[in-house]
Amino acid sequence: MSSKSFVEIIDIHKSYGKLVVLEGVNFDVKKGEFIVILGPSGEGKTTLLNIIAGVIRPDKGKVIIDGQVVDDSSNIYIPPERRDVGYVFQNYALYPHMTAFDNIAFPLKMKKLPRDEIEQRVEKIAKLLKIDHVLHHKPSQLSGGQQQRVAVARAIVKEPKLLLMDEPFSNIDPALRASVRLELRLLLKSLGITSIMATHDQEEAMTLADRLLILRRGKPIQIGSPMEVYEKPSDRFVAEFVGGMNILELKSEYSSLLREYRVEGEDVSVKFMGFRPESVIISNEGLEAEVLDAEYKGDKWTIIAQIRSGEIIRFYNKDPVNTKSTVYIKPTKIYLFSSEGKTVKILTINK
Amino acid sequence: MASLINVFLIVVLLTVLVPLGVLVMISLLPPGEWSIPPKSPTLDNFVYVLKEFKFYRNMLNTFLFIGLAILISLILALPTAYAIARLQIKYYVWVFTVALVILVKSLPPGSLLVPVYELLWKLRLTNTVLGVALSYQVYTLPFVIWILTSFLLDLPREVETAARIDGAGRFARLRHIILPLSIPGIISAVILGFLNLWNEYMYSSVIVSSRNLQTAAVVLGQLVTSEYVYDWGILASANIISVLPAIFFVSFVQKNISKAITGGIKG
């Protein structure tokens with residue numbers, strides 16, 4: 001893996017009339033890397049993928065793939081049919097009148113490869129994706145999972161420079177998702193395909209990504225490995241969206257708690273405090289909370305509780321806690337956010 | 001409610017079946033007999049119409065003209081419909097095209113007869129198969145564009161985007177994706193075109209004058225005003241023969257069209 005970037009997205013802007021969809025998106029992808037664009041629905045993820053694919057043109061900005069400027073939002077524009085990218089659509093968009101074999105073979109036919117080479121490559125990729133037994137079926141005769149595999153096979157059979165995927169797992173039975181995800185990640189890694197995937201599912205993003213790009217209201221708010229994003233969220237939104245952080249408005253009643261972290265009370269820029277469900281211990285002192293419910297999670301319990309100020313928090317505990325009982329909890333790691341929501345400080349205490 | 005609908009359907013059915021039944025009985029009358037039902041039914045009228053009158057030739061003409069007309073329409077209409085439905089053409093071009101299609105579709109066909117005839121005459125295409133097929137574009141072209149446009153608008157856009165990403169240029173997409181997916185639309189255009197034009201009289205009677213290029217409908221029309229006018233048996237049997245292909249056509253193709261439509265666009 002070279003450190004030079006393979007795909008560069010530079011200052012992309014896109015709006016439809018008054019609706020601003022993308023506003024200054026910048027990022028780069030290294031060869032063989034798996035980037036996941038994570039964000040709530042309707043925040044411009046699909047638009048960004050379509051701009052990279054060339055289906056939509058940006059109002060401003062540049063897209064560079066493998067050293068070639070494919071769109072500079074003015075004169076240079078390479079259409080999607082000549083960009084050599086693969087695309088897995090959310091609804092797969094298989095060709096309904098073709099068999100699975102013809103669907104997968106279509107990109108190769110467009111490249112005018114000889115017939116026996118097409119057959120070889122389709123069969124090879126079908127074996128890898130375990131769909132070689134359904135190649136003569138039409139898409140309408142395939143299950144959702146098989147359709148997704150055909151869509152993936154069609155996207156990667158031509159060995160594209162770049163693979164784009166738009167919520168590829170959303171139409172798959174939740175029970176199968178985890179295994180399909182793992183298989184896809186291993187396959188893409190073994191083939192060394194550079195990939196960009198869009199999703200709104202943070203768990204999916206965390207498990208798949210080499211790096212995450214968090215998009216909110218058309219702006220990238222954090223780029224980093226799943227661990228970086230989880231451990232050091234750049235702001236309140238990321239902290240809540242990735243891993244579900246409890247966030248409380250700072251009040252004087254927490255001052256004794258905060259003193260333990262040696263936070264100066266006069267630090268006026270700090271407005272919110274947050275802690276993750278797993279970094280909480282039940283103690284004799286700390287935040288007073290009334291337990292509302294406890295959910296069994298196998299290895300742990302999720303406790304849902306209401307603190308004095310009325311806010312609901314959730315945290316994990318090894319043992320169940322009686323509902324309606326009062327507990328005192330102490331976060332072992334807290335995040336402090338400014339009034340604009342930016343992360344100001346991350347503090348830990350020893351348990 | 002259901003029984004009311006049944007009554008309604010039966011009435012509609014009778015309005016078709018009663019005249020048709022009377023027509024069948026008339027066609028079986030021997031010359032000079034006027035009783036209904038016929039006392040001594042005979043097939044002589046049919047034999048005469050086919051053997052002496054060679055009515056099948058006129059029916060073949062009808063088939064040929066309509067077939068060629070629809071083929072020309074399809075060739076012109078598919079790219080046009082695709083452009084209206086999908087391409088980023090200039091807005092005024094779009095409006096102009098759509099307005100023209102609607103205008104021609106809603107004009108009475110007779111209003112274009114004289115200019116069309118003059119044009120074909122200048123091109124020396126009167127009295128030719130191609131000439132009639134071209135004149136039929138007045139009916140078929142706007143109508144086929146109409147059907148195909150609404151059909152293409154219903155096709156999922158993403159399938160086409162997928163084809164672009166798979167490396168298919170504009171014509172490859174039209175050939176490998178749009179055309180095969182439009183087959184149900186094309187079939188309905190062919191069926192409706194045949195049904196609409198089967199009894200076309202105005203254009204075919206004006207543009208063709210030679211007997212061996214006349215269509216079935218024109219010959220039937222002439223029977224009423226010709227020497228055969230008194231022979232109702234011949235008139236009726238010729239009518240029945242000309243209706244038969246339409247009945248076969250509809251009942252045979254209808255099964256396939258519903259299959260084509262339901263099987264064609266299901267993702």
Side-chain angles (χ1 to χ4, degrees), chain A residues 46 49-50 52-57 70 78-99 102-113 138-142 144 147 150-167 171, chain B residues 74 78-79 81-83 85-91 94 147-148 150-190 255-267:
Chain A
T46 303
L49 286 185
N50 282 335
I52 299 170
V55 180
I56 298 175
R57 296 205 60 189
V70 290
I78 312 268
E81 49 267 41
R82 290 195 279 120
R83 274 194 197 188
D84 198 20
V85 298
Y87 200 128
V88 180
F89 292 84
Q90 185 169 8
N91 61 5
Y92 312 139
L94 297 175
Y95 309 124
H97 58 296
M98 296 185 196
T99 62
D102 290 331
N103 265 281
I104 302 170
F106 189 71
L108 303 178
K109 271 184 197 151
M110 291 299 108
K111 279 191 165 183
K112 302 204 163 62
L113 295 183
K138 292 254 174 91
S140 56
Q141 299 164 302
L142 299 176
Q147 288 185 19
V150 173
V152 171
R154 181 180 69 182
I156 62 180
V157 72
K158 62 176 178 183
E159 289 162 13
K161 286 178 181 166
L162 176 65
L163 176 65
L164 305 169
M165 291 177 279
D166 189 7
E167 308 259 4
N171 287 326
Chain B
L74 282 173
L78 192 63
Y82 180 66
R86 283 297 153 82
L87 295 189
Q88 304 254 315
I89 47 178
K90 287 202 174 74
Y91 186 65
W94 191 90
I147 287 187
L148 289 184
S150 55
F151 194 80
L152 289 180
L153 281 173
D154 281 345
L155 287 184
R157 256 168 204 272
E158 264 159 345
V159 171
E160 232 192 306
T161 309
R164 285 193 80 180
I165 285 164
D166 286 344
R170 192 156 282 161
F171 280 98
R173 294 204 294 276
L174 198 60
R175 196 183 134 209
H176 294 286
I177 309 294
I178 302 298
L179 186 65
L181 286 179
S182 313
I183 282 173
I186 291 173
I187 291 177
S188 30
V190 170
K255 269 183 207 151
N256 295 323
I257 192 178
S258 59
K259 214 197 298 178
I261 287 173
T262 50
I265 36 181
K266 209 168 70 178

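First the proteins, then the strands, lettered A, B, ... as listed; each starts at 1.
Remark: A:R57 CZ is packed, more than 12 non-hydrogen atoms of other residues, nucleotides or ligands lying under 6.0 Å away.
Only the side chain of A:F89 comes within contact range of chain B, with at least one heavy atom under 4.5 Å from a heavy atom of that chain. With a 4.5 angstrom heavy-atom cutoff, B:R173 touches chain A only via side-chain atoms. Both the backbone and the side chain of B:A162 come within contact range of chain A, with heavy atoms under 4.5 Å apart.
No donor-acceptor pair under 3.5 Å is formed between the side chain of B:R164 and the backbone N or O of B:V159. A donor-acceptor pair under 3.5 Å is absent between the side-chain atoms of A:Q147 and the main chain of A:L94, judged by distance alone. A donor-acceptor pair is defined here as one N or O able to donate and one able to accept, closer than 3.5 Å; no such pair exists between the side chain of A:R154 and the backbone of B:D166. Using a distance-only test at 3.5 Å, with no hydrogens or angles considered, a donor-acceptor pair links the side chain of A:Y95 to the main chain of B:A163. Without hydrogens or angle criteria, A:R83 side chain to A:I52 main chain gives a donor-acceptor distance under 3.5 Å.
Annotation: residues 102-111 of chain A contacts chain B through A:F106, A:P107, A:M110 [non-hydrogen atoms, separation under 4.5 Å].
A side-chain donor-acceptor contact under 3.5 Å links A:N91 and B:E158.
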